[in-house]
Enquirer: 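Input: one structure, supplied below.
Below, read A as the first sequence line, B as the second, and so on, with proteins coming before strands; counting in each chain starts at 1.
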Amino acid sequence: MCYHASVAATLEQLSNHYQKPFLGEFPSFFSPTNLVGYHLSGFNFPLLPIISQEQPNAFSFANWGLIPSWIKFREEAESIRLNTLNAKIETLLEKPSFKQAVVSQRCLIPLTGFFEWKQINSKEKQPYFIHLQNSSIFSVAGISENWINPENQQMVRTFSIITTEANGLMSEIHNTKKQMPFILSNEAEQLWLNQTINATEILNEINLIEEEKMQAYKISKLISSKVSNVPQVLLPFIESQTKLF
DNA sequence: CCAGACGTTGTT
DNA sequence: GTCTGG
DNA sequence: CCAGACGTTGTT
DNA sequence: GTCTGG
């Protein structure tokens, strides 16, 4: 799975990396020089910059936690998005919550890394930060949906991060569920947003990023604290500090 | 046929 | 909206 | 959609 | 074989 992400880049840096502008007004709490977030928990449904098939030449903003368009009530929306932070690629085309979105609402979610916990024993977990060697910014595959809140007629754009079977590196970071986000190479980014190829073909053609391009290192338990959205959350964990006894 | 689900599995 | 379990 | 029913009520 | 309850 992938519930904890990092977008340690400013909107300006994202714009430069993808060579795409931010159109219109930013949400009030964003400005071009704002860094998006060091640690973003999906369970807070953060508003993040994405590139959607709907509007592939610019950035738009969407909340993590997909709400299918046919959801009727706010209560339903709030309950389903807790379970649609991720969408498994294996069943993407079949699930009622995802099948519409995968046809024409595919999207890229720019990240600089993500977090996973390795189960050390029945009690202990070691958090890791996973990122790419070369490029600090990379895309994970996603799908998005537009939902109208019936209480105020406001449109809410949401997204889900697609996951796939963990590769060797990620299986080591013992994700008990052995899933990891579907990271796209630059070529795969274009394929994922391509309007003229159908979703089934894309899923057949698209390749996982090479394992060699991924790196992981241990981080401290700061990630589990309330103030985890700080630069220090990304610092490597120094073993000796806790091995004193 | 229709009611009910629709999704995934984590942190403090 | 569309699928599925009963 | 598919498992399970599907019928009526007596004689020794 | 065909209907029906779930």
Enquirer: Mind calculating the distance between NZ (A:K125) and P (B:dG10) to the nearest angstrom?
Expert: 6 Å
Enquirer: Please examine the side chains of A:P181 and A:F114, heavy atoms only from C-beta on, and report whether any two atoms are closer than 4.5 Å.
Expert: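 Side-chain contact under 4.5 Å: yes.
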Enquirer: Report yes if some heavy atom in the side chain of A:I137 is under 4.5 Å from a heavy atom in the side chain of A:L111; otherwise report no.
Expert: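 Not touching, per the 4.5 Å side-chain cut-off.
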Enquirer: In this structure, how many angstroms lie between the P atom of B:dT9 and the CE atom of A:M180, rounded?
Expert: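 From A:M180 CE to B:dT9 P: 14 Å.
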Enquirer: What nucleic acid atoms does A:F43 come within less than 4.0 Å of, heavy atoms only: base, sugar-phosphate, or nothing?
Expert: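 Base, at least one base atom sits under 4.0 Å.
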Enquirer: What is the minimum heavy-atom distance between A:S144 and A:A101, and which atoms define it?
Expert: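 Looks like O-CB, 3.5 Å.
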Enquirer: Do A:Y18 and A:S139 meet the criterion of a side-chain donor-acceptor pair at a distance under 3.5 Å?
Expert: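 Yes, because at least one side-chain N or O of A:Y18 sits under 3.5 Å from a partner of the opposite role on A:S139.
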Enquirer: Measure the distance from CD on A:Q119 to C1' on B:dT11 and round it to the nearest whole Å.
Expert: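 In whole Å, B:dT11 C1' and A:Q119 CD are 12 Å from each other.
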Enquirer: What residues form a side-chain contact (heavy atoms from CB on, under 4.5 Å) with A:N57, not counting sequence neighbours?
Expert: A:K20
Enquirer: If you count the non-hydrogen atoms of other residues, nucleotides and ligands that lie under 6.0 Å from CZ in A:F73, is the total more than 12?
Expert: no
Enquirer: Which residue pairs pass the side-chain hydrogen bond (donor to acceptor under 3.5 Å, both in side chains) test when at least one of the two sits in residues 154-169 of chain A, sequence neighbours left out?
Expert: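 Residue pairs passing side-chain hydrogen bond (donor to acceptor under 3.5 Å, both in side chains), neighbours aside: A:E54-A:R157, A:S60-A:R157, A:N146-A:R157, A:T163-A:Q179.
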Enquirer: Apply ring pair (Phe, Tyr, Trp, His ring centres under 6.0 Å) to residues A:F22 and A:F61 and explain how you reach the verdict.
Expert: CA-CA 9 Å; A:F22 281 86; A:F61 288 89; 5.7 Å; yes
Enquirer: Please say which of A:F237, A:Y128, A:F129 ends up in a ring-ring contact (aromatic ring centres under 6.0 Å, His included) with A:Y217.
Expert: A:F129
Enquirer: How close or far is atom P of B:dT11 from atom CZ of A:F114, stated in whole angstroms?
Expert: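 Taking atom P of B:dT11 as the reference, CZ of A:F114 is at 14 Å.
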Enquirer: Sequence neighbours left out, cut at 3.5 Å: what donor-acceptor pairs do the side chains of residues 199-215 of chain A make with other protein atoms?
Expert:
from	atom 1	to	atom 2	distance (Å)
A:N204	ND2	A:T200	O	3.4
A:E211	OE1	A:G168	N	3.2
A:E211	OE2	A:L169	N	2.8

Enquirer: Rounding to the closest angstrom, what is the interatomic distance between C:dT2 and D:dT9 at atom P?
Expert: 49 Å
Enquirer: Between the protein and nucleotides 1-5 of chain C, list the N/O to N/O atom pairs that are separated by less than 3.5 angstrom.
Expert:
from	atom 1	to	atom 2	distance (Å)
C:dC3	OP1	A:K99	NZ	3.0

Enquirer: Dot-bracket for DNA chain B, please. Rules: Watson-Crick or G-U, both distances under 3.5 Å, ( ) within the strand, [ ] when a pair crosses earlier ones, | for another strand, . otherwise.
Expert: ||||||......
Enquirer: Would you say the side chains of A:N16 and A:Q13 form a donor-acceptor pair under 3.5 Å?
Expert: no
Enquirer: Classify the angle between the aromatic ring planes of A:F43 and A:H4 as parallel (below 30°), tilted (30 to 60°) or perpendicular (above 60°).
Expert: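 Tilted, since the angle between the ring planes falls between 30° and 60°.
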Enquirer: Expressed in angstrom and rounded to an integer, what is the separation of A:N44 atom CG from B:dT11 atom P?
Expert: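 A:N44 atom CG is separated from B:dT11 atom P by 14 Å.
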Enquirer: Sticking with atom P, work out how far B:dC2 lies from E:dT4, rounded to a whole angstrom.
Expert: 13 Å
Enquirer: Distance check, C1' atoms only: B:dA3 and E:dG5, in whole angstrom units.
Expert: 13 Å
Enquirer: For A:K123 and B:dG10, give me the distance from atom NZ to atom P, rounded to whole Å.
Expert: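 Distance, rounded to whole Å: 20 Å.
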Enquirer: Using a strict heavy-atom distance below 4.0 Å, which residues from residues 220-227 of chain A are in contact with DNA chain C?
Expert: none
Enquirer: Starting from P on B:dC6, measure out to CZ on A:R81 and report it in whole angstrom.
Expert: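 Checked: the CZ to P distance equals 19 Å.
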Enquirer: Return the value, rounded to whole Å, for the distance between atom CD1 of A:I173 and atom P of B:dG10.
Expert: 15 Å
Enquirer: Phosphate oxygens OP1/OP2 of B:dT9: is one of them under 4.0 Å from a side-chain N or O of A:K88?
Expert: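 Indeed, a polar side-chain atom of A:K88 lies that close.
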